[in-house]
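Just so it is clear, the model here is predicted, and its values are computed rather than measured. Both ligands and their constituent atoms are indexed starting at 1 by order of listing.
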Amino acid sequence: MGVDRHEVFPTEDARIFPLFETEGVLSAIWSPDDGRANPVAMTMSMATRVRKRGVRIGEGSRVTDFIVKNRHVQGVMTAQSPIMPEVVVLAAGMWSRWFAVKIGVSEPLQAAEH
Ligand SMILES: Cc1cc2nc3c(=O)[nH]c(=O)nc-3n(C[C@H](O)[C@H](O)[C@H](O)COP(=O)(O)OP(=O)(O)OC[C@H]3O[C@@H](n4cnc5c(N)ncnc54)[C@H](O)[C@@H]3O)c2cc1C
């Protein structure tokens, strides 16, 4: 998928990451383009930016169903009231599959232990 990555164990790992504990490690992959982000700070930063562009963010509204008309999703039902936005984006993560099934779409997402 075009991700730059290198198998580095056991020769290079200590140079790249001196704290690396090699005991029991069979293999190590280094992705030089990977980074670290604080997910809370990043989310708040994105929320601030989109709010400035007129987006309204509603929290604490559980979506219970889609509102479908003529085979098109036109809105969502929430526990409080219906919401009829210009565009509906299904971004419920692992729970998307359950919603997608309701409108006949296969969303092959599942939690996998690893
Ligand atoms: C323990 C753990 C560690 C991870 N560590 C990393 C990491 O280090 N780096 C990395 O890149 N990725 C990591 N991931 C993966 C990463 O968290 C996910 O890939 C990412 O969060 C998916 O984003 P998303 O927006 O698609 O879904 P989510 O972040 O799951 O967001 C879905 C949202 O939909 C909401 N939702 C669900 N159902 C409803 C409903 N009916 N009504 C309203 N809202 C609803 C949920 O509350 C949630 O807020 C980790 C995941 C886990 C579980």
Verify [atom]: protein non-hydrogen atom under 4.0 angstrom away:
{"atom": "atom 51 (C) of ligand 1", "result": "no"}
{"atom": "atom 41 (N) of ligand 1", "result": "yes"}
{"atom": "atom 37 (C) of ligand 1", "result": "yes"}
{"atom": "atom 1 (C) of ligand 1", "result": "no"}
{"atom": "atom 34 (O) of ligand 1", "result": "yes"}
{"atom": "atom 27 (O) of ligand 1", "result": "yes"}

Among all protein heavy atoms in this structure, tell me which lies nearest to [atom], with the distance rounded to 0.1 Å.
{"atom": "atom 45 (C) of ligand 1", "answer": "A92 CB, 4.6 Å"}
{"atom": "atom 47 (O) of ligand 1", "answer": "W95 CZ3, 4.8 Å"}
{"atom": "atom 25 (O) of ligand 1", "answer": "A91 O, 4.5 Å"}

Indicate yes or no: at least one non-hydrogen side-chain atom of Q74 is less than 4.5 angstrom from one of M84. yes
With a 3.5 Å distance limit and no angle check, can you tell me whether S96 reaches the backbone of G93 through a side-chain donor-acceptor pair? yes
Looking only at atom types and distance, does a side-chain atom of T78 sit under 3.5 Å from a main-chain N or O of S81, one as donor and one as acceptor? yes
Would you mind finding which of S96, G93, S61 brings a heavy atom closest to atom 43 (C) of ligand 1? S61
Under 4.0 Å from one or more heavy atoms of F99, ligand 1 contributes atoms 41 (N)
Please round to the nearest 0.5 Å and tell me the distance separating atom CZ of F99 and atom CG of L90. 7.5 Å
Can you confirm whether M44 is buried at CE, in the sense that more than 12 heavy atoms of other residues, nucleotides or ligands lie under 6.0 Å from that atom? no
